[in-house]
There are 2 protein chains.
Amino acid sequence: MKTCRPFTGAVDRLTAAGLRPTRQRLGLARLLFEGGNRHITAEQLHREATDGGVKVSLATVYNTLNQFTEVGLLREVAMAAGRAYFDTNTSAHYHLFNEDTGELFDVPGDSVVLSVLPEMPENTVIGNIDVVFHIRNK
Amino acid sequence: MKTCRPFTGAVDRLTAAGLRPTRQRLGLARLLFEGGNRHITAEQLHREATDGGVKVSLATVYNTLNQFTEVGLLREVAMAAGRAYFDTNTSAHYHLFNEDTGELFDVPGDSVVLSVLPEMPENTVIGNIDVVFHIRNK
DNA sequence: GTGATTGCAAATCTTTTGCACTAAA
DNA sequence: TTTAGTGCAAAAGATTTGCAATCAC
């Protein structure tokens, strides 16, 4: 039987987050976090998993993406209604969305400066700030 | 027979946009634009219409919201995946989204300043810039 | 063992579409 | 009239859920 050796730290990463390192979660974590920052939908990740020999159901992919997001391993990005994108880059950064092609690019956090922030309503704390530059082809 | 008198300019507004001022479109336009800026989903607007005596099907509400957005009468705001919000305020401004309550607030355009914009890919033009401050209750 | 996790299928929810009917120009 | 617009019901997606089977501890 072939053992799928996860990238270093996958098990720790999951257990630290309070999630059991199951075969499915490890396989998905490997796909998500091994190759640098990426944006992905549940459907895309499910296909990658299937193609890569990680047997997992689409429902579990959805559940896993939501769990990873809850514990801060992923960040959900709202681009257009009707489809959720998950971003493996949880640090401060922004997005460039090409409406013609559907492509989603990262914009480094330091290439955008927000000054003069608005006042927040009372008894609320600011979570993250989404900045999306919607672009189209000329 | 009672005539539903639309707010001043509704007919002009639609015809100027190349849309026939039908009973349904006038009724929806009145609900959308008469009471200042607002954020609304198709479902909410449909309920308001029905409650307010404007007979219109949900499918037509969807179609109308999309048409209004295409001609610039509305702006679509991506908040959370799975549901489209339409904003009657099409001028430069940003949003505050309370993730606990689902409330969506406007932030005046001049209370946020974006400096140091990123470079855009070649042969693209920037459409609009969405800035969403995600907040939660303390 | 025992409780967490998974898979599957069904259910839900939002949005779009096809087509016959109706209304605006 | 003639063409655009509407309603309905069905279709299409995306995502969630119920529950029995399975797995991690």
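Treat the numbers as computed from the prediction; the structure is a model and nothing was measured. Below, chain A is the first sequence line, B the second, and so on; all start at residue 1.
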From the candidates D:dC8, C:dT15, C:dT6, the one with an atom nearest any side-chain atom of A:Thr60 is C:dT6

### Message
Do A:Leu28 and A:Glu48 make a side-chain contact, defined as non-hydrogen atoms from C-beta onward lying under 4.5 Å apart?
### Response
no

Q) Under a 4.0 Å N-O cut-off, is there an ion pair linking A:Arg75 with A:Asp130? A) yes

From CD of A:Glu43 across to P of D:dA12 the rounded distance in Å is 15 Å

When rounded to whole Å, the CD to P distance for the pair A:Glu70 and C:dT5 reads 12 Å

Short question: side chain of A:Arg23, backbone of A:Lys55 - any donor-acceptor pair under 3.5 Å?
yes

From CG of B:Leu65 across to P of C:dT15 the rounded distance in Å is 9 Å

Rounded to whole Å, CG of B:Leu19 lies from P of D:dG5 at a distance of 7 Å

message = For A:His134 and B:Ile129: C-alpha separation, side-chain torsions, deciding distance, then whether side chain to side chain contact (heavy atoms under 4.5 Å, CB included) applies.
response = CA-CA 6 Å; A:His134 291 261; B:Ile129 305 174; over 6 Å; no

Mind checking whether B:Asp87 and B:His93 have side chains closer than 4.5 Å, heavy atoms only? yes

Identify every side-chain donor-acceptor pair in residues 14-22 of chain B under 3.5 Å, counting partners at least two apart or on other chains, and give the distances.
residue: B:Thr15; atom: OG1; partner: B:Val11; partner atom: O; Å: 2.9
residue: B:Thr15; atom: OG1; partner: B:Asp12; partner atom: O; Å: 3.1
residue: B:Thr22; atom: OG1; partner: B:Arg25; partner atom: N; Å: 3.2

Computed from five pairs at either end and rounded to 10 degrees, the angle between the axes of the helix from C:dG1-D:dC25 to C:dA25-D:dT1 is 30°

Of the listed D:dT15, D:dT17, D:dG5, the closest approach to the A:Ala59 side chain comes from D:dT17

*asked:* Measuring only between side-chain heavy atoms, which start at C-beta, is B:Phe133 closer than 4.5 Å to B:Val112?
replied: yes

Worksheet item: Just checking B:Asn66: base, sugar-phosphate only, or nothing, at a heavy-atom cut-off of under 4.0 Å?
Response: sugar-phosphate

Whichever of B:Val61 and A:Thr41 has the more 5' nearest nucleotide on DNA chain D, that residue is B:Val61

Winner on side-chain proximity to B:Arg83, out of C:dT15, D:dA4, C:dT14, is C:dT14

Just so I know, are the side chains of B:Leu73 and B:Phe33 near enough to count as touching, which here means a heavy-atom distance under 4.5 Å? yes

Practice item. Please check the phosphate of C:dT16 (OP1 and OP2 only) for any side-chain N or O of B:Tyr62 closer than 4.0 Å. Key: no

In whole angstroms, the gap separating C1' of D:dC19 from CG of A:Asn63 amounts to 14 Å

Query raised in the report: Donor-acceptor pair, A:Thr88 side chain versus A:Arg38 backbone, under 3.5 Å?
Result: yes

Hey, what are the protein-to-nucleotides 19-25 of chain C N/O distances that come in under 3.5 Å?
none

Atom CG of B:Leu14 and atom P of D:dT6 are separated, to the nearest Å, by 10 Å

When rounded to whole Å, the CZ to P distance for the pair B:Arg25 and D:dA4 reads 11 Å

A:Gln24 has its side chain closest, among D:dG7, C:dT6, C:dT17, to C:dT6

When every non-hydrogen atom of B:Leu26 is compared with those of B:Ala10, the smallest separation belongs to CD2-CB, 3.7 Å

A:Gln44 CD to D:dG13 C1', in whole Å, measures 15 Å

